[in-house]
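Notes to accompany the following structure.
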Number of protein chains: 2
Amino acid sequence: MATLPATRATRRQGRVPSGTPSRAPITRFDRRLGQILDHATAVFCEKGYEGASMRDLSRATGMSLAGLYHYCESKERLLFLIQKHTFTTILEKLKSRLENVPDPEQRIRIFILNHLEYFVSNQHGLKVLSHEDESLKNGLSSEIAGIKRQYYRICLGLMEDLRRGRGLDFNTRTAVMSLFGMINWIYTWYNPRVDGSAEALAEQMGNIVLKGIVHGGKTRRKS
Amino acid sequence: MATLPATRATRRQGRVPSGTPSRAPITRFDRRLGQILDHATAVFCEKGYEGASMRDLSRATGMSLAGLYHYCESKERLLFLIQKHTFTTILEKLKSRLENVPDPEQRIRIFILNHLEYFVSNQHGLKVLSHEDESLKNGLSSEIAGIKRQYYRICLGLMEDLRRGRGLDFNTRTAVMSLFGMINWIYTWYNPRVDGSAEALAEQMGNIVLKGIVHGGKTRRKS
DNA sequence: CATACGTTCGAACGTTCGTTCTAATTATAG
DNA sequence: CTATAATTAGAACGAACGTTCGAACGTATG
């Protein structure tokens, strides 16, 4: 492979040098790759990464097989780019939203809301991120794992802040993992007609995690 | 296929007539099939259903490809049998444990404990059940979906009992789905060394769902 | 021993997989 | 317009896929 002429896609592999935000010159190439990634997200979501073939993607994008490989060197890298973009976006939004909110309980509620809002507006991407967590091989999986670790540590920090601030006694790791389960599992059941907006769901889930179903809702009158 | 001589596996396809518990004569055939299913569970768990090949199963069981097909007519049916056995077992255990326990809160705690205990003792099976939820096609998936509906309705009933009994106000569907997320997601993070026994975890998760992290643990002294 | 049946296998079936080759077409720069 | 590079497509590659076939094996019964 080393002697072959480098395609555009292979040349693209190197990272943008950090420190140079590079002012994002959106080229035709990037736009087209973005379209491919959008279609690939939908196909991976429906058929699963292993179950989806490059020919499925070819059909979905209306592009030939060779055309796809002009923009991305492998199927695995498509999944990588999808997961990286999705995870990076949700993480950036979270960091931004957490600024200027000091109250520990409110910060946890923001974490939940951020996740659910992003899910509702990008269901396919978040399902592919959650469900295909183990589909990448050693090389590419480690970078996603790094972002995941950041996401986990932020949430763990939120839990520890609440715990310390109020002198509570609970296992923060279990709490974080339970919360992750609640918000990640949603791709298996969420129905906008039945389950309402992200805000409504986030409040309910926030109540459960923070106060439990016993103390979470407004108590009703007994008839 | 209709004109081919029926193999043992195809003849086995019909259901055992209900009403006749059939006293379970465990034949050599059943024992061997069970071994295959055990190995298949581990392989599906590690590589995913689509990612695992019949040759992987052949290697894991030490049996030839044709040998596997003597015991089960297709890869998909292997997954079906794994999921059906796993789900049926956990459901039966749950029903049995719920007898003679009237208190609504305790019943929810039993539900959680039953699920986590089964997970700890059969991690591969429960992961294959959760993760490969959408891998079966129309014919075989509906039967699994039926068991799942039973499982869901039982848990929904537990929630509604607690809600009515105490005059609480919360969305039972969201509560059930959140709880399912908590207990199903565990296959992505559980580490026995770190996270302890099923009992310990079940108590923590029960506290979260019922009382939340704010009221769930024993309050600590402030230093 | 002969027969029958459950069991196992090596080898192959046709298909689909991810990927690549070559060449034609289109856009861009001088 | 010419030349250079970016973009697309058709056809094919070898490998791996799920599955099947015919023959051999083992064992228990007549």
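Naming convention: chains lettered A, B, ... in sequence-line order (proteins, then strands); numbering from 1 in each chain.
- Distance Lys75(A) NZ to dT20(C) C1': 17 Å, rounded to the nearest Å.
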Please list each protein N or O that sits under 3.5 Å from an N or O in nucleotides 28-30 of chain D, with the distance.
none

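- Rounded to an integer number of Å, the gap from NE2 of His70(B) to P of dT19(D) is 17 Å.
- With Phe180(A) as the aromatic partner, Lys148(A) does not meet the cation-pi criteria of under 6.0 angstrom to the ring centre and within 45 degrees of the ring axis.
- What separates CZ of Arg31(A) from P of dA6(D) is a distance of 16 Å, to the nearest Å.
- The shortest distance between the side-chain N/O atoms of Arg32(B) and the OP1/OP2 oxygens of dT8(C) is below 4.0 Å.
- Straight-line distance from the CZ atom of Arg77(B) to the P atom of dT19(D): 13 Å, rounded to whole Å.
- Closest approach of Lys75(B) to Ala52(B), counting heavy atoms only: NZ-O, 2.7 Å.
- The distance between atom CD of Glu73(B) and atom P of dT20(D), rounded to the nearest whole Å, is 8 Å.
- The environment of His131(A) atom NE2 is dense: over 12 non-hydrogen atoms of other residues, nucleotides or ligands sit within 6.0 angstrom.
- Distance Ile36(A) CD1 to dA9(D) P: 10 Å, rounded to the nearest Å.
- At whole-Å resolution of the value, OH in Tyr71(B) and C1' in dT8(C) are 8 Å apart.
- Annotation: ring pair (Phe, Tyr, Trp, His ring centres under 6.0 Å) contacts of His39(A) (sequence neighbours excluded): none.
- As rounded to whole Å, 16 Å separates atom P of dG6(C) from atom CG of Leu33(B).
- Aromatic rings of Tyr190(A) and Phe119(A) (six-membered ring for Trp) have centroids within the 6.0 Å cut-off, being under it.
- When the shell of 6.0 Å around CD of Gln35(A) is examined, it contains more than 12 heavy atoms from other residues, nucleotides or ligands.
- Between Arg28(A) and the phosphate of dT8(D), there is a side-chain N or O to OP1/OP2 separation shorter than 4.0 Å.
- In this pair, Phe111(B) and Tyr151(B) present their aromatic rings tilted. The plane angle is within the 30 to 60° band.
- Residues Trp189(A) and Met177(B) come closest through the heavy atom pair CE2-CB, 3.3 Å.
- For the contact set between residues 47-65 of chain A and DNA chain C, defined by any heavy atom under 4.0 Å, the members are Ala52(A), Ser53(A), Met54(A), Arg55(A), Leu65(A).
- Of all non-hydrogen atoms in Ser58(B) and Leu65(B), the two that sit nearest each other are OG-N, 3.9 Å.
- Taking the side chain of Tyr69(B) as heavy atoms from C-beta on, and the options dG18(D), dT7(C), dT19(C), the nearest nucleotide is dG18(D).
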